[in-house]
Each structure stands twice: as structure tokens, then as C-alpha cells.
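Below is one structure, written out as C-alpha cells; the observations come after it.
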Amino acid sequence: MLVVNRFRVDEDDAEAFRRDLEAAHAVMAAQRGYESGDLGRNVDDPTLWTMVTRWRDVGSYRRCLSSYDVKVGAVPLLSRALDEPSAYEPLDGELNRWEARERG
């Protein structure tokens, strides 16, 4: 599973944000199921930053977010992410299908 978090950061806050982003990533990287991750800043718009993480599966990512260490060390930063979908499935297998749930 792939998670893409994007952030809009004032240039005046860039250095402090970078430190916070690196610290949040380190806390998340220590969680079970974490596979890899990258941090970046947009080359055309330096106020746009990203953290991309890869997880063994959806459950690993959700358990990560429930971890005390992540709640304290990463969630405050993650709450600053742009309000947009962030979880993606890889294209190296069969994709999930969206289906309406039956009401019973």
C-alpha cells in the first residue's frame, strides 16, 4: 500500500517543517509493516511538500496510526496535510473493485 501526504508550507516555516517532517517519518518508519518512504519538496512550488510511505498492507498502516508513538510524534504533523485522499493500492496486482454495500 502506498500513502501520499501532501503539505502546503509557508517558506518562512520551511526549516522547522522539514525537521518536523523528518521526525514524523522516523517515528512511522519504526512501525511494523513499514517498507519504505521518501520526503520531498516540489521543484516548481517550494511551498508544496510530500511524504510518501509504503506499507505491507492497509492493516499495517492503520495499526501504525493507532500506535501511541505515532499519535504523539507524527499525527500532529499529519493533521496539517492537505485534505485529500492519501491511500493508494499498487498497480502490480488485481485492483480492488468499488461496489455499493447491500443494505440488509
Side-chain angles (χ1 to χ4, degrees):
M1 142 171 220
L2 179 68
V3 179
V4 179
N5 297 111
R6 297 186 323 136
F7 305 87
R8 183 71 64 187
V9 180
D10 290 333
E11 290 188 54
D12 295 340
D13 297 329
E15 285 305 313
F17 180 79
R18 180 178 181 163
R19 286 190 300 275
D20 292 346
L21 184 65
E22 289 171 342
H25 179 246
V27 169
M28 293 176 73
Q31 302 305 306
R32 189 175 310 199
Y34 172 88
E35 293 183 345
S36 65
D38 295 295
L39 307 177
R41 188 172 77 167
N42 189 282
V43 295
D44 297 317
D45 181 353
T47 67
L48 189 59
W49 295 67
T50 190
M51 176 168 55
V52 178
T53 54
R54 290 167 196 83
W55 299 86
R56 181 176 50 235
D57 50 41
V58 173
S60 295
Y61 177 62
R62 289 181 178 160
R63 282 187 293 280
C64 164
L65 295 178
S66 297
S67 155
Y68 175 80
D69 291 341
V70 171
K71 285 181 181 179
V72 171
V75 169
L77 179 114
L78 293 173
S79 69
R80 295 178 57 186
L82 298 178
D83 186 15
E84 61 188 21
S86 61
Y88 296 84
E89 60 184 324
L91 297 179
D92 60 357
E94 186 175 324
L95 297 176
N96 287 319
R97 264 192 243 181
W98 182 88
E99 295 178 9
R101 294 185 181 182
E102 291 184 30
R103 294 181 184 210

Report all side-chain donor-acceptor pairs from residues 1-12 shorter than 3.5 Å, counting only partners two or more places apart or in another chain.
{"residue": "R6", "atom": "NE", "partner": "E84", "partner atom": "OE2", "Å": "2.6"}
{"residue": "R6", "atom": "NH2", "partner": "E84", "partner atom": "OE1", "Å": "3.0"}
{"residue": "R8", "atom": "NH1", "partner": "D45", "partner atom": "OD2", "Å": "2.4"}
{"residue": "R8", "atom": "NH1", "partner": "T47", "partner atom": "OG1", "Å": "3.0"}

Test of understanding: clusters of I, L, V, M, F, W, Y form through side-chain heavy atoms closer than 4.5 Å, transitively. Do L77 and V52 belong to the same one? no
Please check if L65 and W55 belong to a single hydrophobic cluster, counting links between Ile, Leu, Val, Met, Phe, Trp and Tyr side chain heavy atoms closer than 4.5 Å. yes
Listed by chain and number, what are the side-chain hydrogen bond (donor to acceptor under 3.5 Å, both in side chains) partners of E35, not counting sequence neighbours? none
Flag yes if L48 and L39 sit in one hydrophobic cluster, no otherwise; membership is Ile, Leu, Val, Met, Phe, Trp, Tyr, and two members link when side-chain heavy atoms are under 4.5 Å apart. no
M28 reachable from V75 in the ILVMFWY side-chain graph, under 4.5 Å edges: yes
How would you list all residue pairs meeting side-chain hydrogen bond (donor to acceptor under 3.5 Å, both in side chains) that involve residues 63-80, not counting sequence neighbours? Q31-S67
Report whether L82 and M51 are members of the same hydrophobic cluster (ILVMFWY, side-chain heavy atoms less than 4.5 Å apart, transitive linking). no
Among all residues two or more places apart in sequence or in another chain, which pass the side-chain hydrogen bond (donor to acceptor under 3.5 Å, both in side chains) test with S36? R54
For Y34, what residues pass the side-chain hydrogen bond (donor to acceptor under 3.5 Å, both in side chains) criterion, not counting sequence neighbours? H25
Enumerate donor-acceptor pairs with a distance under 3.5 Å from any side-chain N or O in residues 15-24 to protein atoms, sequence neighbours excluded.
{"residue": "R18", "atom": "NE", "partner": "E22", "partner atom": "OE2", "Å": "3.1"}

